[in-house]
Every structure is written in structure tokens, then in C-alpha cells.
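Just so it is clear: chains get the letters A, B, ... in the order the sequence lines come, proteins before strands, and each one is counted from 1. Note that the structure is a prediction, hence the values are computed from the model and not measured.
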Amino acid sequence: MNLPILSLITFTPLVGALAVAALPSRYPHLIRRTALAFSLLAWVMSLVLLAAYAFGPTGFQFVEAHNWIPTFGIRYKVGIDGLSILMVVLTTTLSWISILASFGPIKDRVKGYMISFLVLEVGMIGVFLALDLFLFYIYWEIVLVPMYLIIGIWGGSNRIYATMKFVLYTLVGSLLMLVAILATAFAYQVGHGGSWVGAFDFQLLQQFAASGQFGDAFQNLAFLALFLAFAIKVPMFPFHTWLPDAHTEAPTAGSVILAGVLLKLGAYGLIRFAVPLYPHAAHTFAGPIIVLSVIAIVYGAIVSIVQPDLKRLIAYSSVSHMGFVTLGIFVFSATALQGAILQMISHGLITGGLFLLVGVIYERTHDRTIAKMGGLAATMPVWATVFGFFILASAGLPGLSGFVGEFLVFVGSFGISPLIAVATIIVMVLAATYLLWMFQRVAFGTMSDFLKGLGGHLTDMTGTEAVTLLPLGFLIVVLGLFPSLVLDLLRAPAQAFLAAAGVAVGG
Amino acid sequence: MNWSDIGTISPVVIAVLVAAAVLVVDMVAPGRRDPVIVTALGGLGIVAVAILIQAGRSGSAFGGAYSLDNLTVFLDMLFVAIAALTIMFAADYLEPRGLPIAEFAAVLIFAVTGAMLVAGSTDLLLLFVALELMVLPGYMLAGFARHDPYSTEGAIKYFLLGSFSSAILLFGLAYVWGITGTTRVDGVAAALATVVATGKIAPGLAMGLAFMTTGVAFKMAAVPFHYWTPDAYQGSPTPVTAYLSVGPKVGAFAIALRLFVGALGPLKADWLPVVIVLAALTMTLGNLVAITQDNVKRMLAYSSIAHTGYILVGLAAYAGGEQSGLSAILFYGAAYTFMNMGAFAVVTALQRRPGVSSQIATFAGLGRRDPWLGALMALFLLSLTGIPPLAGFWAKAYVILAAIQAGGWLTVLAVLAMINAAAAAFYYLRVVVYMYMREPTGDAAPSSPGALFRTGLAITGVGTLIFGLFPALVAAAADAANVFHG
Amino acid sequence: MPISDSIPLVGIRWDDVLFVVLAAALLGSALLVVTLRDIIRCGLALTASLASLAGIYALLGNPLVAATQVLVYIGAISVLILFAIMVTQTKNAPVRLAFQTQAWIAAVAAVAIAIVISITVLATTWPAGGQRLWTATTEVAHLLFSDYVLPFEVVSVLLTAAVVGGVYLARRESGPREEDRS
Amino acid sequence: MSNSLDSYLVLSGLLFAIGTFGFLARRNAISMLMSIELMINAVNLTVLAFGAFVAPLRVHAAVIALLVIAVAAAEATVGLAIVIAIFRNKKTPLVDEYDSMRD
Amino acid sequence: MTFLIPLIPLLPLAGFAITGLLGREMGKQSHKVAVWAVVASWLVAMLVAFGALSHTLGFDAAGAGIKLWDWIPATGFHADMGFFVDPLTACLLIVVTTIGMLVHIYSIGYMAHDEGKWRFFAYLNLFMFSMLMLILADNFLLVFAGWELVGLCSYLLIGFWFPRRSAAEAAKKAFLVNRVGDMGFALGIMAIWTQLGTLNMQAVFAKFAGVPHEWQIAIALLILCGAIGKSAQFPLHVWLPDAMEGPTPVSALIHAATMVNAGVYLIARCNPIFGTVPEVMVIVAAIGIFTAIMAASIAFTQTDIKRVLAYSTLSQLGYMFASLGVGAWTAAIFHLMSHGFFKGLLFLGSGSVIHAVDGEQDMRKMGGLARKIPITYVTMLIGSVAIAGVPPLAGFFSKDEILGGAFKNGFLWVWAIGFVVAGMTAFYMFRLMGMTFWGQSRVDPEKEHPTHESPPTMTRPLILLAIPAIFLGLLIGFPPESGLLHQWLAPVFEATITASGRTEAAYSFFGIDGVLAIGTTALVAVAIVMAWRLFGVNMPALGLHAEPRPDRVRELSERQGLAELYRGSSHKWWFDDLNNLLFVVWGGKLAAAVFWFDRTVIDGTVNGIGTVTTGAGMRLRQVQTGRVQNYALGIALGLIAMAVGYILIAVR
């Protein structure tokens, strides 16, 4: 099949953005529906791709490659393996859900919003598909701009501070990453007699790395640069403080995408690029990174307990949950890595859902302060039930997706060192503490004075809102009961990852 | 002097004639705008054609004082584009202020003629004279709004410091000439090569180098010789600022290419550390101070200082042994021309009505008041920030790549440059914040600019995009131009 | 009858005497230019120093340049400057300080520059003979119109541009006085 | 003394330094302009000194000096025009009072 | 017939799904689906249990299982979705499905007037599903899943009346304390996987002897940790009394008869593990017996009828743990079963009482209810007698086996404490009976008048539960130590017991066993009489009558030496205060401190970099004074520096 399906998926939202741009802004409904239609189209295509994907074999499929800047061997090269296809499907899924979830809340400048969102989707898909380091970098940066606008224009009261922090923080990391990428390509060029051909090609670079041709000192520096960029995006302790601000100020859909996909970009970068390209450095720094991950897991959970704001609480819980991902990557165990990737997906689904649910409340009350809530289980029973479900999923209840991911990370790291598992297992209690306490204060008890003051505006979830949450809940259950759906896809990438990472330790 | 010499410098000759023609047209039809603009732009078009005819050829004229090579063609085209864009942006700005377009266009074209001569000169004396032809009209353009205290204040500061630095440069040139015994660039290089080969360089030569470096650094607005930039940029009529931010800057780098790369090439090991220090200081100070600015013109002035720093990294990369550093400089110059002129053009559009300040508050709500203008400004600012896939990103990437290839301290410089670029995002995006994330204040409604102006804006916008999406187009030209007669 | 090269009794060469006198005049009047309080006297001192310099040029065997110096500098530039001084003198303005507050630092910086130049000059071995050479006017003209014809032409363009712009800037005209807030 | 290149170069250096001092220390725009003239003349002195003592440079020096004088004249023209223009606006020739743009 | 196994949990799950989704629309009928689902489940369970116990229907002595699908097939980790039934499971199935079904039926009446009835039944069904999955699971991870899910259901049901702040608090507390134990269990599962490479229970047990001893100890301790949490043993017992905030059927079903037994079940199930580590067994016994006496001592002074029963439950669970610890495995399961029935009965009875007095739970405001709610009274009396250990009711046999086992296996200290606790149990139970049913009525006059017996849906389960409370001991526990239950469970525990080197000595009624039984019975009798003397009795049929003597009680509680004990008992030995201080106060302060650190130090650094950058910019921009001469000076200084620099470079 010679259909460039990957490019089609990538650029479908772009076409959508252009289409939206062409529509006059006095028809907001038409704009919304057009945007939704294109995001749904991308989603359907990604599902088709998933169906067409051949399970089992290692390596990349559906590879497309075209010369772009031949002077430096920069190519437009995309392809998928089990990891990227999952991420792409996650992205397309959350994208249409986010767009749909924005129908109500976004009333101002709808056109710009939808364009931003569709461009954002292009960038995110591109990041997961790119097999050329330069292309990857470009998509990586493209993601930044629409998110900057989404938070900055359609965000809360402190949105400018938050969005600037987000952008500057990310830029510091990504620009250093650019230096590292260029240096890596240059090292390859030097190693190939000054020819730039293939210098940015991930697969060739990885072969180059596998043959041990990057010097140790070089690896250390390049790895640190990439790691910093990815760690900020994940975000790892202590680079996480942009996240609570960004989440708090972002509009609901922005938070969903931020938590659901953007944080995954960092983890994806670590798995796809940072470790396989610089295996020796990855091993050198694995210890400190594991310690940081453990700190992030526990620290994020502890800080979550005392958060006064719903979104801020979920943001800090993301720090904790994403700690499992980095932990799972750097213990270099197939089990833990699969757990980490599963955790990436399930965190996307669960936290995305939680933000949507908070958005539902915010729509009605224009407030997210936990202390002002209370008794919502009585007034909005359906909402409270769904919220409870997602909270339990977030707390890692067995049978739901979050449990499988975290448990696999636990088991994998326990196999490496029981100490890691012992140090992090407390999060089982901490997570339950902050989540249930939050749930109790929001949903249980009697109706707060603040809510009473709002009178009868507290209608329960609407149909649209339910539609946005339904697929997430469904996937959470399905992945909890049948994680093999994902794990089968991940076997080959996990092997490839370990093979690449194992070079420096001699297999 | 013979006809072939005239042929070789034909673009310059034509440019002078165009300037004269503009003045003549103004005499024939005094105060009429359109004939002047038609003459000027049409003339520049002819100049461009003359340059393009020369593309790919090489040769020298006037006994080696002027050389035609790819570098000359590349830079000449750039200068002509700068001149044309400046005229497009200026017409709408000058008219409501009662300032004459004819004198403006003539002086501007004289300046650009100087810049074109700088690009092609391979003789120290010609280089100096051409440089003066480039900058002297610049002083006058800065003070072109001669009834405006700010404009004249900027002009006199620019003039005094510019003359001061010219004297310093000249002093240095005199010593280098005295020691090497020739004004021809290749002769100087040959003489210096023997000096280097015999070991230590004389203190007198070192001092001459210091004076020359200072003079050129001043023209580039490198720290600590940058002081004139913010005041001159802020005070000048905004289209002039647009011109000043790219024309003399690219010209200064043309001097650097001809003088430092060409004539002083054998001494590059000696001037490399100086350039590294200058680059580091320049980008850091430029960015740090730009962060604190509330006036967009002044902010862009400091930002242009920072960009000088980035371009200097390319020069340092060359001195560090990486020829592609020169391509990086040229690419950067071209990319910077479009995005920065575009940014200033938007400021110009806002200030078209007299009395509108360039304070950042003027931009509040621009994205809503005038979506196209806002979007373009955002495009230029993102490009200046270095966000892919826009021109500014590739410019930075080229420079960084060259620095990495050179290795050593230049890697550190590359990292510093990137940290600086991240800090720079703060002030560029701050403008975006005002445009899109704040509500408009006051009555600062933009008056929609004329067709000519819009064409200019479109050219800069499309340039910024095209350079970003298809950088190979410009990169190939820059690569071709990085080996030149010198 | 040729005059002897040196002063009969002391044995100091006439040239040297002339050089010292001219140098002293040059530096002295230059110092006056930068130190005198009254700007008109500064202008006169400048004329004096430029004239001394013309003498030195002649001493250096370059009568053409010396002549040009007198014609252009003293005849044109100095007069221009004096004219500008007249235009810009404010009659009713109180007597103000001629110097910046940073004059002392400026002095230190200037001395430092002088020291740097002097030391480097003295530390350098110049590829120079010990004899001054005479330059004939015809040679200059020939060279100017061969090797240096392009710079020469450029200078003419430069002067044109300067005149066009200068006239525009200095022209008195009752135009609209629009003050832009920049 | 008068046959030594060093003495001329030192002399020109001193003249250059005096000019620099004037430029740095004086307040009046025209004073500063005059200081610049001193510096340019110092350069010319250097050029002619080289020309007088280094045979191959002999004639070149004169040409350079002539062109420099012409450039200086052009510079002075422009400078004085600007001085006059700003004097009309600011009513003072003292440059250190032109500080409405700063920071 | 193994294919029927999945139906047992799935029927309640289906009931949960239907009731949960549609229950609100079903209105008054919302209980129907749930109840019938459980009844159907009960039928299947009985069939399966019959097969497993009789080794027919496809079951053999070691049991039989069914694998549904690969649950988590990761590289380097594997867990199935599969079920396994052996005699131990069968015993649990009987208790869980039977009591569960009766509680469902009881709840029809109890919750008849509650708006959230449909929700209640949905939760109950979910609980049944979870609990059944827990006991049916064939691997540790699935057990853990059920383990967590029952915790969740407990959370949901305790917090059922969520507008009540105390209910919400108690629910959260239950979940969190359980999770503390679950942490250990989870670590234990990881340890098992890393040591053995499988989580399938039968495989683990088969290979366990090959594990290094320190890992054996670690694994056993970690599993014990989970069991302690779920079965509310010291020090994780604090959640269970608070859990009485939930509706009474919940207390009966979850917090007396089923979920709290999960810990006991787990340790019994893991007998091949614990059998290899005697040092851990001692810990189990110690924790159990300590919990037994501590909880019994607290039950002495509680005035809330359900709290007395809750502490009683703790105490009885402590017995079971002690039994496991001393190696009397079957006795533990025996007590688990009998306790499940009579404690379920007692809780449901107390629910009936509370129902009768319109929600009042304080026994000081009851009294003399025997006449007004006779069925409740009689059935509860049977339960009390059973728990007190009066022969020949169920409690007598099971408790006696535990004490006998402790004594004969050499745990004399366990026996001694257990002996005392037996007396204490009898005392506090008859204190409860006396304060509730006998003596004068102290009921609020307002609530006095409408006091009436509960509807048949509530009383019939009481009667049904009273039957096993009376006869279970005789039926499966007689003759002692060779009764039906012992025969059933022999395949499960035989290997472990043999490996421990002990052979269960034949029961000898006229030997040591008889002496112990008589001693215990005598103590129980004394304790009952003491309770009568203090709190009254009125059983005309037996000719017993005594008036309560509150003044005497007060006097005793203020007597020198007893006063301190009384205070400690009534304050539950200050465990709640300690927890509050440790976790709420200090934990809260810690979290606040960490948050402060996050804001000031980490985010402060980030913002500080911004501030420093801007500050530096502000400083630097002051260089730009606006005065040309200053600029020129800067250039001149730069020139000098440059010249010096170049000269240095030149002469280097």
C-alpha cells in the first residue's frame, strides 16, 4: 500500500485549520463543526492505521521519506512502531474529545481557538511520527505555539504568567535539545567522512550509536540536553512548577491536551531518542534519574494533598503519576517500560477525564476552589458518579487501566531493586488520600453556601459532556481488563528499546 | 578604468543614477509622491536585474579594488530588497507628517549604493569610503523627521558616535596599511600570511587590529559599542528604524566578511577570542535589556543587538575553522532582514497616524482590532524568537550548527546562544501577549495602510514563511557565496 | 647658497627644530581646542592646529596635501564650523560648564589611549627607512586617477549625498511641527 | 627626530588622544565635532608619516590623505546640518542635555 | 462444572451493572434485579461448593480452576484472569453467598424508605462480585484486585449516607487504612513474582520451598501486612469501629461476615507459605491474640450498640488470627464460618433494634425492648449465646478448637489470653443484651410509642441465620477435630501441618480437651452471671430475673485501679487520637511544609531566575544614560580593553 497514510493523518487537521480559517467568523457553529469533523476524520484514519498495523515485527512500518534539505541530509521521514501508533491514537482521540468539549465553554474567538487546536494536533501527531531528528524538533516546537495561545488567550485570570512560564520553561529545554541534535548529526557526519546524508535519520543514528561511535563525554552532554528538554515536558521533579500554573489557567480542553498528550511528548522523547541514541549516558545517569522519579512520585502526591484548587491538585498528581513513567523507563526493564507506556496512555485517559469533569463544574460555578464545593453528589449525581470513577481510576484501582501500568512499573523496578518499589509504594496510600479527600470535600457532605448561592444553575452533566467522557471511561475499563491490547503492541518496541539501551552494559 | 570595469560595477552605477533620477523627478514634479516612488522602485528593479545578470560571474574591476563574486551578488540583492521595502513602508509614514519622499528615497538609495559598494570592495580605502557612503546618509535618515526632537536627538547621537567610531576604524586601517604596505585586500592577506608565518605579530599591528575591530563592532552594534543603537532606533522615523536595523547591520557584516575574513583572515586565530567575547557579551546584554523595555521600537533595537551577537557566533565559527559559519552569517542576514523589517513595518503601520506611540500598550488587542496585522506581527515575532518552521529558526540553527562544527569554546557559545534565545522569547512573546491576550486600551485604532505598504508587508511575511519552509533555497545561495574573493 | 642642515652652534637639525615647533603648536592648539571655555576661541584654536598640521605635512614632503589641508580644512571646514557656532550660540543662555562631569575619567581614558599608542608604536619595528621622501604632485594625480579612481568617484557621490541630505536637514522651513511620541 | 617615523606616529597618537579627550569631555556638539576633526587629522598624520618613510607607500599616502580629507568634509557637512536641525528643536547645543531617550 | 464458576461473581456484577445504570428508573422495584442476581449466584455457588467439597462435578481433592483470559501478558510479567475452587474456597463460598443473600433480602426492608435504595443494592451487588472474585481468584494479583475492590465497596457503603460528615470521614478512613495494608500485600506480590516468576497460587505454593529463607520471611510478612489491614488487626484496626457509620446491613455483611474475613482467608490460603516460616507464625498469633483482648476490653465500655459489636468482631478476628498463628488452620476457618453467621445475625439484629427505635444506637437510651421486638430479641439472644461460647452452639465448638489448638501446639500464652478473652466476650455480650432488651425502658418517649417489630423481610433472615448459629457447630464441627469441616479442609492444610511436624492429636473429650472445654465453659458462665448481676436479666422461661444496677457499675468503674482501665477502655486506648496526631496533624503539617518548599524553594528558584534576569536587565539598562559622552566613554574604554586584549594575544 503506497498511500502516505501517516502524512494524511498528520495533515488532515492542518487542512481542517485552513478550512476553518477560510470560514467567516460570524458562523461559530459552522466553525466548531468543521473543526470537529476534521479531528474526527483524523481519528478515524488513525484507527484505520491501527487496524492496518502489523503486530509483531520489530522496526517501523508505513515509513515515508522525502528529501527536504539535502545540504544537511534533513529529510521528511515518518514511520510508526507499536509505541508511536498508540500515542497517535491517543492524540487523535483526545483531540476530538477536546474539541467537542470546547463547544460550550469557548464562546469568544472560536475561529482562532479551533485553528490553534487543529495546528496543535498536527504538531503532536508529527512529534510521534517523526523519524528524522530535525523534523521531530520542528514538530516539537510547533506544538508550543498553539498551546501558548490556547492558555494565554482562552485561559483564566492569571493566564499570561502561566503561559509565559510554560513557553519559557519549555524553550530553555528545547533549544538546548536543538544544540544536542545538531551536535549528534554532526558527529554522525564526521563519522561518515563529512557526508551529511542520513545525519538526522533516527534509524541510521541509532545504528551509529549502537556501534558505540559516540564518545562517552559527548553522550553525556548530549543526553543531558535532551533529558532536560524532555524532563521539563514530562515534567520531572524539580522541573515541574510550570505545570500547576499552566493547568490551572488553561481552558478545560487545553488542560486535557496538556495532561493527555503534551506531557507524553517528553516521555516519548526519552524512550524514542534520549536513551537509544546515548545508551551509555543513559546508564550513567539512570541512578539519579530514578531517584528524581521516586521523589517526583512521592513528592507530587504529598503536595497534592494540600492543594486548594481542583485543577492544581490534578496537576500535582500528574507529577506523581508521570514519575512512574520516567521510573519505568530508566530501570531498563521490559516489564517496567511496558508499564510506563501503559501508564502514559492511561494517565492521558484518566487525567484528561478528570480535567473534563472539573471543566463541567467550572462551567457551572466558575470556580474550582475545593473549599467552596460540597454536596455535589446530591445535586449532580451523574457527574459525581463519573467523577468518582475517574478518581478511583487515578487512585490505581485494579481492573482499571491505571493499576496495570503502575503495577507493571512496580514489578519491573522491584526486580531491579526492591528499594525503589518500597520507596514509592506509599503513593498507594497518598494517592488515595488526596483523591478521596478531594472527592469527599467536593461531592460529599451538604451543599456549601457558595453552591447554594448559585441557585438552580447546577444542572447535571449534559449529553455532550457525557459523550466526551464516555470513550475515556470505556477505554479505561477495557485497558484495565484487557491490557494485552496495548501490551501486544509494545512487546517489539520494548525489546528494541532494551536492545538499544543495553549496548553500553554489554548486552 | 575601462568599460569592463564600468560593466562590473554597473549595479552601483545604476543605483547612483536612480538616486539622481529621483531628485530630478522631484524637481520636475515637486511634491508629487507617486512619480518618485515609481522612479525609485522601478530604478531599484533595474538595479536588481543588473545584479541578477551578474549572478554566477566573477571578476574584479579597478585593478582589484572591486570584486564581483557570489557574495557581492547575494548581498547586493539583499540591499536592493532592503531599499525597496523601506521605500514601500516609508511612503505611508512620511506623507501624513509632511516629510518629502523624494529626498528620503534619494538619500536612502545613496546609502544602499554605499552598502553595495561595501559588499564588493576588496580595497581598504574603497571599503572605508563606501562605508562612509553607507552610514552618512543613515545619519541623515535618522534625523529625517527634522522637526521631531526625538528624531534629531537620535540622529545626532548616531552621527557623533558614528563619526567617532569611523575615526577609530580609520586609525586602525592606517596602521594595518602602514604595516602591510597595501590597501588591496588580497595584498594585505598575503602580507599578513607572511607575518603569521614568521611568528609573532607586531604590537603595532595588534593595536591596529584593536582599532579596526572596535570600529566594525560599532557598526554592527556589538556590545560594548552598541550604545547608539537604542537611541537612534527609537528616535528615528519608524521606516528608517526598519532600514537601520538591517541595512547598516548587514553592511557591517559585509565589512567583517571583506575585512576580517578577507584581509585579516590569516590572523583569525588572534581575533577569534575577541569575537567570541563580543558575541557572548552582545547577545546577553541585548536580551537582558530588551526584556525590560516597554517601548517596542526600543525593545526591537535591543533585540537587534542580541541578533548581532548570534550572527557573530557565525563569524566566530568561521574563525574556529568552519567555512559554513559564513553561510550562516549570510543566511541569518537574509532571514533577519525579512522578519525584522516585517516587525518594524507593523510598528510603522500602527504609527501611520502621527501621535501614536510605539509603546507596547499600543499593541493591546491588535489581534482583534486588525487580525491580519496581528497575525503578521505574531509571525515575525515567532520567527525572531526562532520557532520553526520560520526563517528565524533556520537562521539560528545554521549558526548553531556551524558553531558546533567548529567545536571547542564555540560549543559553549552555542549553548549560551540558545539560553539567550529562550530568554528572548520572553520579550517577543510579551508583544504577542499584548496583541492577543489583552483588551485594547485607548483609541489606538490602526489606520489601514495603503496597497504599497501591504505589498511590502506581504513580501516580508511570505519571505519569513518561505525561508522557513524551504530554507534550502536561500541556503544554497549562501553556501555559494561563502567562498569569495578576498 | 644652501642653508646648513642644522643649527650651527647647538648641532640640532633645522628640521628637528621645525618639527618640534610645529608639533608643539599642533598639540598646544589641539589642547586649547578641547579645553577652552569659549567655543569661538576653540574654533580659532582648531584652525591654528590644522595649520600647524599643514606645516608638518609639508615637512613630511607632501606639499599637495598640505595645500589641500589649508584649502579644505581651514578654508572650508573651519569656516563651516565657525558658522555653525554662530548659529547655535544662545545669547541669553547662562554661562555653562564646558566640560562633562566625567571629564576626569575622560582624561584618564585619553591618557591611557595615548600611552597605549605610544608604547605600541615604540615597541614596533617599522619597515621604514630613516629618510623622509618627497612626493610629487603629478604622481599623486596619476595614482588617484588610476588605482584610486573608484574611491575618488565614490567620494564625489558621498559629497553629493551629504549635500542633498544636509541641505534638507538644515533648511529653514515652516513645515508642520508634528511631535511624534516615539 | 624629524627623520624618525616613531616621532610622527607618537605625535599623531597624542593628537588622537587629545581628540578623544575632547570628544569625551566636551558638552557642546560643535566642540565634539571639532574633536573628531582632530582625530581624523591624527589619522592623516599617521598616513602621511608612513608615506614619508616607507617608500612603496609614498604616493599612496597622499591619495589616501586627500580622500580622507574629502570624507571628513562630507562628514562635517552632515554633522553640522544635524546640529543645526536639533538646535532648532532643543534650543541648546549641549549634547548631554539631549537625553530624552535613555535606559 | 467448572464452567459455572465464573457465573458466581458475574451474576452479581451483571446485577450491579443493571441496577447501577437503570436503578433510578426502577424506583421501588430497584432491589429486584440485585436480589435475584445474588440468589442465582447463591444457587450456583452451592452447586459448586457441593462439587468441591464432595470431589464430584469435575472437582477433585485439590480443587479445580478455569482460566478466562491472559489478563496482563507483559514481557517479563504475567497474570491470568482465572478462577480456582478448592474446599477452602467452597467454605468461604458458603459463608459469603449465604450471608450475602440474606443481607440482600434483609435490606429490602431495611432500606425500603431510603431514596438511594437502588444505589445501595448496586453497591451491595458490586461488593458480592468483588468478594467472590477475591475468594475465587487463582492468582495473587487477581486476589489483590478483589482485595482492592472490596475496599472500594466498603468505602462506598460506609459513605452511603454521604451528606453525613462522619460517614464520609469514616469511609475515607476505612479505605486509607486498608490501603496501608494493601501496600504490603502489593509488595508481597511483587516479591513473589521476582522470586518465583509466577503469581498462580498453586504454582507458587508448589515452588515456595525453593525461595531463600529471608525472602520467605519477607513475603510472609508482606502478605500478613495486607491481611492485617483487611481483617482490622492491631495496629490497623482503627477503621472498623468507624465503619459502623454505614447502614447496618453493610456492617453485617462486610464488616462482620465477609470482607473482614478476607485476611484470615488469605493467610489460610497461604498456609504453605506461612508454614515454612514459623517465626512469622508467632507474629501472627501475637497480633491476633493481642487484638482479641484489646478489642474485648474496649467492647466493655462502649455504649453504641453497633460499636460493641464492631469491637467484638475485632476480638473474634483476633481469635482467628491467633488460631492461624498457632497452626490451627481448620479451627480458624471454622470460627470464621460460625462467626460469620452469628455475627451477621447479631448485626442484623442490632439493625432491627435500631430500626425499631427509629435510628437510636445508644444503648443507654434503650432497655426493656424484649417484649416489643420479640423475634429480634430471641434471635439476638441466640447469637449472643453462640458468640459467648455456650455449648452446644456454633461458637462453643469453634472457639474451643482454637483454644485447644493453642494449648496443644504449645502456645500456652495464647491459650491463657484467649481463655480470658472468652470470659470477656460473654460478659460484654450479655452487657449488651441487658442494656438493650432487659430492665426498664430508657427509650426517648417520643420514639417509645411507635416501637414495633421489623417487617418480615428483616426478621426472616434473622431466623434463617439463627439456625446455623445454633447448629453449625454440631453439623460440621462435631465430633471436634474430626468433624465434617476437618474432612473437607484436610486436603488444603494437610501438607502444611505435616510439614510443621505436628500431628493433630486426636480429640479426647475426657482428656485435656475436655478439661479445657469445661474450664472455658465455666469461665463463660461466671462472666454471664456477672453481666446479669450488673446489667440485669429477664428470662421468665428460665426463671431468671435481675434488675440492672447502674450505680454499682459506676462505683466499679470509679474504684481505685479500675478507674484507669475504665478510662482507657472507653477511650479505645487512645488509638484514634494517636492516629489523628500522627497522620492528620503531623502529616498535614508535613504536606504543608512540602508544599511550602515547592512554592518557595523550587518555584521560587524558577521565578528567581526570572527576577534575577529582569533585575540584571534593569541594572544594565541604566548604562544607557542617554548622554552621548557617556556612550563615547564606554566605547573608549572598550577600545582600550580591546587594544590591551589584542596586544596580550599578540605577545602570548
Side-chain angles (χ1 to χ4, degrees), chain B residues 1 5 9 16 19-20 23 61-63 65-66 97-100 103 106-107 110-111 113-114 117 121 123 125-126 128-130 132-133 136-137 139-141 143-151 155 178-179 181 202-207 234-235 237-238 295 297 351 354-359, chain C residues 34 60 77 81 84 88 100 102 106 109-110 112-129 142-182:
Chain B
M1 181 163 79
D5 286 353
I9 63 158
V16 172
L23 291 172
F62 299 98
Y66 181 92
R97 290 170 172 75
L99 299 172
E103 272 97 337
V107 172
F110 277 130
T113 312
L117 275 164
S121 74
D123 179 281
L125 185 62
L126 176 61
F128 178 74
V129 174
E132 286 297 310
L133 180 56
L136 268 184
Y139 306 146
M140 296 186 282
L141 290 175
F144 202 78
R146 60 202 177 108
H147 298 301
D148 176 14
Y150 287 102
S151 175
I179 287 170
L205 182 58
M207 184 187 68
Q234 188 189 348
T238 311
N295 183 307
K297 264 167 92 177
Q351 289 193 301
V356 177
S357 87
S358 56
Q359 288 293 320
Chain C
V34 297
L60 280 168
I77 300 179
I81 287 173
T88 58
Q100 273 272 325
Q102 61 168 18
I113 288 175
I115 290 172
V116 166
I117 296 174
S118 305
I119 288 177
T120 43
V121 163
L122 295 175
T124 308
T125 339
W126 299 102
H142 187 74
L143 194 63
L144 185 60
F145 290 107
S146 61
D147 276 15
Y148 291 103
V149 65
L150 186 55
F152 179 79
E153 295 295 345
V154 173
V155 166
S156 65
V157 175
L158 175 65
L159 283 165
T160 316
V163 168
V164 170
V167 166
Y168 163 74
L169 282 177
R171 182 169 56 191
R172 184 182 294 278
E173 186 185 48
S174 54
R177 270 207 64 136
E178 190 76 62
E179 275 202 22
D180 269 3
R181 295 180 293 124
S182 51

- prompt: Looking only at heavy atoms, which two atoms of A202(B) and T124(C) are closest? And how far apart?
  reply: CB-CG2, 3.7 Å
- prompt: Would a 4.5 Å heavy-atom cut-off, applied to side chains only, mark D147(C) and F62(B) as touching?
  reply: no
- prompt: Measuring heavy-atom distances to chain C, does L205(B) have an atom under 4.5 Å in its side chain, in its backbone, in both, or in neither?
  reply: neither
message: Heavy-atom pairs under 4.5 Å with chain B: which of V167(C), V155(C), L159(C), T125(C) has the most?
response: V155(C)
- request: Taking all heavy atoms of Y168(C) and all of R146(B), pick out the closest pair and write down the distance.
  value: O-NH1, 3.1 Å
message: For M207(B) versus I117(C), what's the shortest heavy-atom pair and its separation?
response: SD-CA, 3.5 Å
message: Using heavy-atom distances under 4.5 Å, tell me whether F152(C) contacts chain B through its side chain, its backbone, both, or neither.
response: neither
- prompt: Where does L23(B) contact chain C at under 4.5 Å (heavy atoms): side chain, backbone, both or neither?
  reply: side chain
- prompt: Who passes side-chain hydrogen bond (donor to acceptor under 3.5 Å, both in side chains) against T238(B), sequence neighbours left out?
  reply: K297(B), Q351(B)
Pairwise distance CG(L133(B)) to OG1(T160(C)) - rounded to 0.5 angstrom: 9.0 Å
task: Just jot down the side-chain hydrogen bond (donor to acceptor under 3.5 Å, both in side chains) partners of Y66(B), sequence neighbours excluded, or say none.
output: none
query: So what's closer than 4.5 Å to chain C heavy atoms on E132(B): side chain, backbone, both or neither?
result: both
query: Non-hydrogen atoms of chain C under 4.5 Å away: do they reach the side chain of F128(B), the backbone, both or neither?
result: neither
- prompt: Would L169(C) and Y139(B) count as a side-chain contact (heavy atoms from CB on, under 4.5 Å) if you check the C-alpha gap in whole Å, the side-chain angles of each, and the deciding distance to 0.1 Å?
  reply: CA-CA 11 Å; L169(C) 282 177; Y139(B) 306 146; over 6 Å; no
- prompt: Can you say whether L117(B) sits under 4.5 Å from chain C via the side chain, the backbone, both, or neither, judging by heavy atoms?
  reply: side chain
query: If you tally heavy-atom pairs under 4.5 Å against chain B, which of L150(C), V157(C), V164(C) wins?
result: L150(C)
- request: Flag the one option from A123(C), A161(C), G166(C) with the top tally of heavy-atom pairs under 4.5 Å to chain B.
  value: A161(C)
message: Let's test your reading of the structure: which of I179(B), L141(B), I9(B), D123(B) forms the most heavy-atom pairs below 4.5 Å with chain C?
response: I179(B)
field: Leading residue by heavy atom contact count with chain C [cutoff under 4.5 Å; candidates G178(B), A65(B), P100(B), A19(B)]
entry: P100(B)
